[in-house]
There are 2 protein chains.
Amino acid sequence: MSISERKKKILAIVVEEYIRSAEPVGSKAIAQSGQLKCSSATIRNELAELVALGYLEQPHTSAGRVPTPMGYRMYVNELMDRQRLGIQETEELNRRLNQKLQELDATIGAVSRLASQLTNYPALALTSSTSVTLKRIDLIYVDANTFIIVLMLSGNTVKSKLVKLPVSVDQEMMQRLSTLFNASFLGISASEMNPVLIHATEQAADDSLGLTAVIAAFAIETLTEANAPSASVFGENRLLNQPEFRDPDKAHRLMSYLAGGGYILPPSDTPGQTGEVKVFIGPENVAEELKDSSVIIASYDAGDNTRGLIGVVGPTRMDYSAVAAKLSVLAAGLSRRLGAGEAPPEGMHNKLIIKEPEDKHE
Amino acid sequence: MSISERKKKILAIVVEEYIRSAEPVGSKAIAQSGQLKCSSATIRNELAELVALGYLEQPHTSAGRVPTPMGYRMYVNELMDRQRLGIQETEELNRRLNQKLQELDATIGAVSRLASQLTNYPALALTSSTSVTLKRIDLIYVDANTFIIVLMLSGNTVKSKLVKLPVSVDQEMMQRLSTLFNASFLGISASEMNPVLIHATEQAADDSLGLTAVIAAFAIETLTEANAPSASVFGENRLLNQPEFRDPDKAHRLMSYLAGGGYILPPSDTPGQTGEVKVFIGPENVAEELKDSSVIIASYDAGDNTRGLIGVVGPTRMDYSAVAAKLSVLAAGLSRRLGAGEAPPEGMHNKLIIKEPEDKHE
DNA sequence: GTTGGCACTCTCTTTCTTCGAGTGCTAATA
DNA sequence: TATTAGCACTCGAAGAAAGAGAGTGCCAAC
């Protein structure tokens, strides 16, 4: 069922005005906005119909109108003009991105912090569960009681750890272990590094000191950690800027939910390609705590077939357009730097595809 | 100037009752608490004097009394019974600590998170500015375009990074560089790794590819980062539990201050020995944003002459006794695991020394 | 020095009133 | 038929007034 152009126009004005002011929008204000050439009375009629259709609602009888989640959805899908950042802004953003990029872990933290700063909403960084494996193991002999384990993972990240032992080892033993590990432990998952394999390696290395176990434990732990979906959140406090979170209890609920880190995407909503931005409005979110908030998520290529997500949480009255644009650029920038190889074509970083979640019942 | 025992007793009751209830404490309530055998009228007289002395104040004429910062200070210094955690509780805490300990960086994050959980206040982890130097540099050759830099720092932490080059290098060159770096770059500070030294090394290594610069840059960056005092905060949202932060603006102010990460200790307040807990009450804090909050900080030995701090922030109406006890145990546990060597004597972990900040004017 | 008694003060809560924005409806108009 | 002007009505927000209650300070008695 489609609605008239004028209704769409009015809906867009209501949404934008409400996003700006956080106050219910009245017919008069719409008429005065000068974007329509009809009187407030006409607009009142239209508004009444938009309410009947479910796009708007009234907090109470004699208040202005406020968009419903369905209204926002319509706005996001069809009405809003996809903002593109100006060249200047894009460059500024990329510049800030450049400063931050060192190592994957630190990066995603830094980027979500950046996202939060830019949008003035709490931001979350998610890495979806992946299958990182070992690419290489090195053991560096420091002294008789000390060595360093260096693991290179398939994501091209490197993890290292210093190990101090109560017993002494010699370099030759380390050499042997290193060779064995590189032979047996590469390319397999953490769960495949089972006691049997470890024991076999131990035997083969003639290791009576338990080094094998130490190294394997570190490998398993590192892989498990790298594979686990992780979430980090920054800028929770920015929620308190929003009038809808002036109630400390409400704010607290959402903030602890976010701090808990268990953000779940609506089912079957695997993130799409880089630059694509998904918007989850209010009840579209699965988590109870998010039912009256919105989440905007962009996906980026973290290299090695891994995708990362970076998102922003806010009230349903969010500046979807601006946030989506910013996230899109951030994600593109991240992809370009972390991604597998093929640099996206120039200009791509500013493209913006907005998808709605798959299951949009409700 | 000393005050009578009874006044002290009353002050203690007021503080504790206020900590518990967050409401001004009246004379009647004190009398009824049964800890004193005199009437409310007598207590009223005493209260009036305590107000005159500056230990208590009245929000308004006909309200109960509330401790002033000076009152809290007196309480912390002399009145409160130093809580000791029960054996059971201590063990529980240590158990949780055990799970968390992997690597220094991750650890302090995890521990401050733990501190926040245990105390239900926001927690901060600080590493004071130290002078970490390089202890060792290794270069691992991966393939012609790729190598790994492994730095071992004086704190016995290890940092590594994968470097991809647009040009190819050979193993022999890496060997040469590695030797040179280990000869010239160990034990010096980041600022001493100046262009002159780098250039000299570059020359000596006959490096026309700029590898030297890359490695040096990573070394400098790593050291700078390791040396910089860093702060991380967890559980900001717990502030919203506290009635004194029901005002979202107030909460927001403090939370953004904390998120900013620039927590500064009162001047000359270098943290003391492990197990020692310092309490900064309201205006004793230097930061404007903390003038009506309290900070409790424990210091731990992070190994290699480095001290770390772990602290908790809350309203002045804080459960000093309980928080101090918990932090003390946490700090002791951390020291035991990270610290240089000499394990603290058994039982030490439960000892609690509370120091006031040096400059206590105001 | 301690106690009971009592008038007083001040905030918090509740209730009531007022104000105004915005609506829905009707009748007139293009 | 769509639009517009006009107007009575509704409902929340904000302010004022009144009442309740907790706690005090002080006085006189013990």
Side-chain angles (χ1 to χ4, degrees), chain A residues 3-11 13-18 20-68 71 243-244 246-247, chain B residues 2-11 13-18 20-68 71 243-244 246-248:
Chain A
I3 60 177
S4 79
E5 279 309 310
R6 191 172 62 187
K7 281 201 182 56
K8 286 186 181 174
K9 184 73 189 163
I10 291 176
L11 178 53
I13 296 175
V14 171
V15 171
E16 276 158 20
E17 186 55 25
Y18 185 60
R20 206 188 53 73
S21 72
E23 311 233 307
V25 184
S27 56
K28 212 166 175 179
I30 298 174
Q32 278 170 357
S33 81
Q35 302 191 48
L36 287 163
K37 24 186 181 308
C38 55
S39 78
S40 67
T42 312
I43 292 171
R44 273 204 291 284
N45 291 331
E46 296 280 54
L47 287 176
E49 290 181 52
L50 283 166
V51 169
L53 291 169
Y55 293 107
L56 296 177
E57 64 188 352
Q58 291 177 283
H60 54 265
T61 329
S62 76
R65 307 306 207 282
V66 161
T68 60
E244 23 274 282
R246 293 209 66 81
D247 172 12
Chain B
S2 182
I3 59 176
S4 79
E5 279 311 309
R6 192 170 64 187
K7 281 202 181 55
K8 287 185 181 176
K9 184 74 189 162
I10 290 175
L11 178 53
I13 295 174
V14 171
V15 171
E16 276 158 18
E17 186 58 23
Y18 185 60
R20 205 186 54 72
S21 70
E23 311 232 307
V25 183
S27 56
K28 212 166 175 179
I30 298 174
Q32 278 169 358
S33 82
Q35 302 190 50
L36 287 163
K37 24 190 181 305
C38 54
S39 78
S40 68
T42 312
I43 292 172
R44 275 204 290 283
N45 291 331
E46 295 282 52
L47 286 177
E49 290 181 52
L50 282 167
V51 169
L53 291 169
Y55 293 108
L56 296 176
E57 64 188 352
Q58 289 179 285
H60 52 266
T61 333
S62 75
R65 304 312 206 283
V66 162
T68 59
E244 24 274 282
R246 292 208 67 81
D247 172 13

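First the proteins, then the strands, lettered A, B, ... as listed; each starts at 1.
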* With side-chain contact (heavy atoms from CB on, under 4.5 Å) as the test, would you mind laying out the steps for Ile30(A) and Glu17(A) before giving the verdict? => CA-CA 9 Å; Ile30(A) 298 174; Glu17(A) 186 55 25; over 6 Å; no
* To do: Return no unless some side-chain N or O of Arg65(A) is found under 4.0 Å from OP1 or OP2 of dT23(C).
  => yes
* Between Gln58(A) and dC11(D), does any side-chain N or O lie under 4.0 Å from OP1 or OP2? -> no
* Minimal non-hydrogen separation, Ser39(B) against Ala31(B), with atom names -> C-CB, 4.4 Å
* To do: For Pro67(A) and Tyr18(A), work out which heavy atoms get closest and say how close.
  => CD-CD2, 3.5 Å
Nearest-Å distance for atom pair [atom1]/[atom2], residues [X] and [N]:
X         : N       : atom1 : atom2 : value
Ile10(B)  : dT24(D) : CD1   : P     : 12 Å
Glu23(A)  : dG20(C) : CD    : P     : 17 Å
Lys37(B)  : dG1(C)  : NZ    : P     : 18 Å
Arg6(B)   : dG1(C)  : CZ    : C1'   : 8 Å
Asn45(B)  : dC30(D) : CG    : P     : 18 Å
Leu50(B)  : dG25(D) : CG    : C1'   : 16 Å
Ile43(B)  : dT3(C)  : CD1   : P     : 9 Å
Arg246(A) : dA13(D) : CZ    : C1'   : 16 Å

* Touch check for Ala63(A), heavy atoms < 4.0 angstrom, all strands: base, sugar-phosphate only, or nothing? -> sugar-phosphate
Set out, line by line, the N/O atom pairs under 3.5 Å between protein and nucleotides 6-13 of chain C.
{"from": "dT9(C)", "atom 1": "O2", "to": "Ser62(B)", "atom 2": "OG", "distance (Å)": "3.1"}
{"from": "dC10(C)", "atom 1": "O2", "to": "Ser62(B)", "atom 2": "OG", "distance (Å)": "3.2"}

* To do: Would you please name every residue forming a side-chain contact (heavy atoms from CB on, under 4.5 Å) with Ser62(A), sequence neighbours left out?
  => His60(A)
For [X], which residues count as a side chain to side chain donor-acceptor pair (under 3.5 Å) partner, sequence neighbours excluded?
X        : answer
Lys28(A) : none
Thr68(B) : none
Glu46(B) : Arg6(B), Lys7(B)
Gln35(B) : Lys9(B)

For nucleotides 16-19 of chain C, print each protein N/O atom paired with a nucleotide N/O atom at under 3.5 Å, atom names and distance only.
none

Atom pairs, N/O to N/O, protein against nucleotides 28-30 of chain C, distance under 3.5 Å?
none

* Can you list, by residue number, the residues of residues 25-33 of chain A that have a non-hydrogen atom closer than 4.0 angstrom to DNA chain D? -> none
* Asked: Rounded to the nearest 0.5 Å, what separation is found between the OG atom of Ser4(A) and the CD1 atom of Ile10(A)?
  -> 7.0 Å
* Under the salt bridge (Lys or Arg N to Asp or Glu O under 4.0 Å) rule, collect the residues that match up with Glu23(A), sequence neighbours excluded. => none
* **Sequence-distant partners of Glu244(B), salt bridge (Lys or Arg N to Asp or Glu O under 4.0 Å), two or more places apart** => Arg317(B)
* Can you pull out how bent the helix from dG1(C)-dC30(D) to dA30(C)-dT1(D) is, comparing the axes over its first five and last five pairs, to 10°? => 20°
Heavy-atom check, side chain of [X] versus side chain of [Y], under 4.5 Å:
X        : Y        : value
Val25(B) : Leu56(B) : no
Leu50(B) : Val14(B) : no
Ile13(B) : Leu36(B) : yes

* Could you give me the CA-CA distance, side-chain angles and deciding distance for Leu11(B) and Val15(B), then say whether side-chain contact (heavy atoms from CB on, under 4.5 Å) is met? => CA-CA 6 Å; Leu11(B) 178 53; Val15(B) 171; 4.0 Å; yes
* Asked: Taking it one step at a time, do Ile3(A) and Tyr55(A) satisfy side-chain contact (heavy atoms from CB on, under 4.5 Å)?
  -> CA-CA 11 Å; Ile3(A) 60 177; Tyr55(A) 293 107; 4.1 Å; yes
